[in-house]
J.: 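Following this message is one structure expressed as structure tokens.
The chain is numbered in sequence order, starting from 1. We count ligands from 1, going down the list as the structure has it; atoms in each ligand are counted the same way. No hydrogens, no waters, no symmetry mates; every other heavy atom, side chains included, goes into these values. All of these numbers come straight from a predicted model, not from anything done at the bench.
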Amino acid sequence: MSSVNPLARNLVKQLTPYASARLSMSGGSVWLNANENALAPEYQLSGSYNRYPDCQPPALIQAYAAYAGVKPEQVLVSRGADEGIELLIRSFCEPQSQNQQGDSVLICPPTYGMYAISAESNQVRRTIIPLTAELTLDTEAIFAAPTPKLVFICSPNNPTGDLIPRQQIIDVLEFYKDKALVVVDEAYIEFAPEATVLSLLDSYPNLVVLRTLSKAFALAGLRCGFTLAAPDIINALKKMIAPYPLAAPVAEIATQALSSEGQARMRQSVNTINQLRDAFIQFAKSQPAVLKVYPSNANYVLLQVKDAAACVAALVNEGILIRNQSSQIGLSQVVRVSIGNPDEMALVQDALARYFQQQNASNNTANTNSQLLSAGAN
Ligand SMILES: *Cc1c(COP(=O)(O)O)cnc(C)c1O
């Protein structure tokens, strides 16, 4: 990290920014490290851009409400779901100050890193309750923790790929009724649409659902996400959002993506990706060097290997980027492979198979060497 101006806030001097896939790895020609969708449609822009855009473009809000089956008053559009996370923290959590603890957010790792980073950059305390060994919520520990203002639940969870059991989400919503908002991040829900908790929105006024066009809709470059919640929550967020958060071309393209043709294209690409993912899981299970293949309900698969850093490095040498997720609480020696297009999947499977073979060969050499050494010592 380059030097930071000495006049900056102490918080800023101390902050470690989110190491996004794009920031932390570069080069290569096969990008399977950011859970993007490689099956990208093209869009046309129409107009001139001399006027300021709507803060919440009505056509886009209508389109997303219709797509999700909620009312327009329950929808906020922002620069990606990431801005939704930030707005929730800024709108609902009192920061720590010299004489006050402030509010806290509850986070269940291994999970998406931005909940903790957004909280930290807004000086909001984090309560960390790791998932259980079965990757479910540790509800007992959650309920024993000091009451947070926000609970973040990611389902399908990034980077593990599992779904959090619906009954657990309901239990958490019940427990925190009138006390805390329960934010369910459904960034990958189009890959497992039956698992959405949106139908709980009417019974639980403390439920917030995050969505994005970055994953299944193949529009990560657009920066467009949605927060779905009761109107009084949406209205609180609207007070904090920038006056012109979405560039007009973004709203144009997002609205096209949500047209019935756009939705049909998205569903087709989801089908293709789910098939490629299942084939990749088969491949990974056929490799003895893969110690564990995490089941996936999304467009990525987490693998446990002997040496995650070496595995990532071996693939980088072949121009293929995958992501090391080993630093997360509760995970060790794991790599996350995003599902790309068929050509990319053939390349990554080839490269992994060759790496595992070489690893095996050098293990055998090492074994032989140590046998020779111990033989010599005798
Ligand atoms: C990618 C991702 C997001 C961020 O989505 P954007 O709309 O691109 O900001 C949010 N949550 C999870 C779990 C993600 O993986």
Side-chain angles (χ1 to χ4, degrees), residues 17-24 31-38 40 60 64 67-68 75-90 105 107-119 121 131 135 137 150-164 169 182-192 195-197 208-228 237 241-242 245-247 250-251 253-254 257-258 266 270 273 277 294 296-302 322-323 325 328 331 336-340:
Y18 182 65
S20 71
R22 197 64 76 242
L23 202 65
S24 52
W31 290 356
L32 304 177
N33 61 338
N35 295 349
E36 294 148 336
N37 182 343
L60 178 54
Y64 203 85
Y67 163 68
V75 181
L76 181 93
V77 61
S78 61
R79 284 168 292 200
D82 279 354
E83 192 184 25
I85 295 167
E86 178 93 12
L87 287 169
L88 283 162
I89 291 173
R90 287 174 50 220
V105 300
I107 300 170
C108 306
T111 194
Y112 187 52
M114 279 308 293
Y115 316 135
I117 297 213
S118 259
S121 66
L131 295 175
L135 300 176
L137 298 175
L150 301 175
V151 179
F152 284 101
I153 298 174
C154 189
S155 181
N157 189 31
N158 179 5
T160 51
D162 58 299
L163 295 166
I164 302 297
I169 296 177
V182 178
V183 183
V184 180
D185 186 340
E186 295 191 342
Y188 299 95
I189 200 67
E190 283 84 4
F191 298 99
T196 181
V197 294
V208 179
V209 175
L210 293 172
R211 296 284 192 86
T212 179
L213 299 186
S214 295
K215 309 288 162 54
F217 281 93
L219 285 169
L222 196 65
R223 310 307 303 128
C224 186
F226 298 88
T227 304
L228 312 175
L237 303 179
I241 200 168
L246 289 198
V250 170
I253 292 172
L258 291 162
M266 178 276 286
V270 163
I273 290 166
R277 177 198 61 211
Y294 287 72
S296 172
N297 296 276
N299 65 336
Y300 49 87
V301 179
L302 195 67
I322 61 172
R323 197 144 207 229
Q325 290 280 356
Q328 287 240 25
L331 295 177
R336 191 192 66 194
V337 181
S338 307
I339 304 303

J.: What's the verdict on side-chain contact (heavy atoms from CB on, under 4.5 Å) for Val301 and Arg336, showing C-alpha distance, side-chain angles and the deciding distance?
T.: CA-CA 6 Å; Val301 179; Arg336 191 192 66 194; over 6 Å; no

J.: Could I get the full list of ring pair (Phe, Tyr, Trp, His ring centres under 6.0 Å) partners for Phe191, not counting sequence neighbours?
T.: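 Checked Phe191 against ring pair (Phe, Tyr, Trp, His ring centres under 6.0 Å); zero matches.
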
J.: For Arg277, check salt bridge (Lys or Arg N to Asp or Glu O under 4.0 Å) against everything at least two apart and list the hits.
T.: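 Partners of Arg277 under the salt bridge (Lys or Arg N to Asp or Glu O under 4.0 Å) test: none.
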
J.: Quick one: are Val184 and Leu210 in side-chain contact, heavy atoms under 4.5 Å?
T.: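 No; the side chains remain at least 4.5 Å from each other.
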
J.: Not counting sequence neighbours, which residues clear salt bridge (Lys or Arg N to Asp or Glu O under 4.0 Å) with Glu190? List them please.
T.: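 Per chain and number, Glu190 pairs via salt bridge (Lys or Arg N to Asp or Glu O under 4.0 Å) with no residue.
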
J.: In terms of side-chain heavy atoms, does Asp185 have a donor or acceptor partner in Tyr115 at a distance below 3.5 Å?
T.: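 Short answer, yes.
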
J.: Name the residues in contact with ligand 1, where contact means a heavy atom under 4.0 Å away: which are they?
T.: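 Residues near ligand 1: Gly80, Ala81, Asp82, Tyr112, Cys154, Asn158, Asp185, Ala187, Tyr188, Thr212, Ser214, Lys215, Arg223.
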
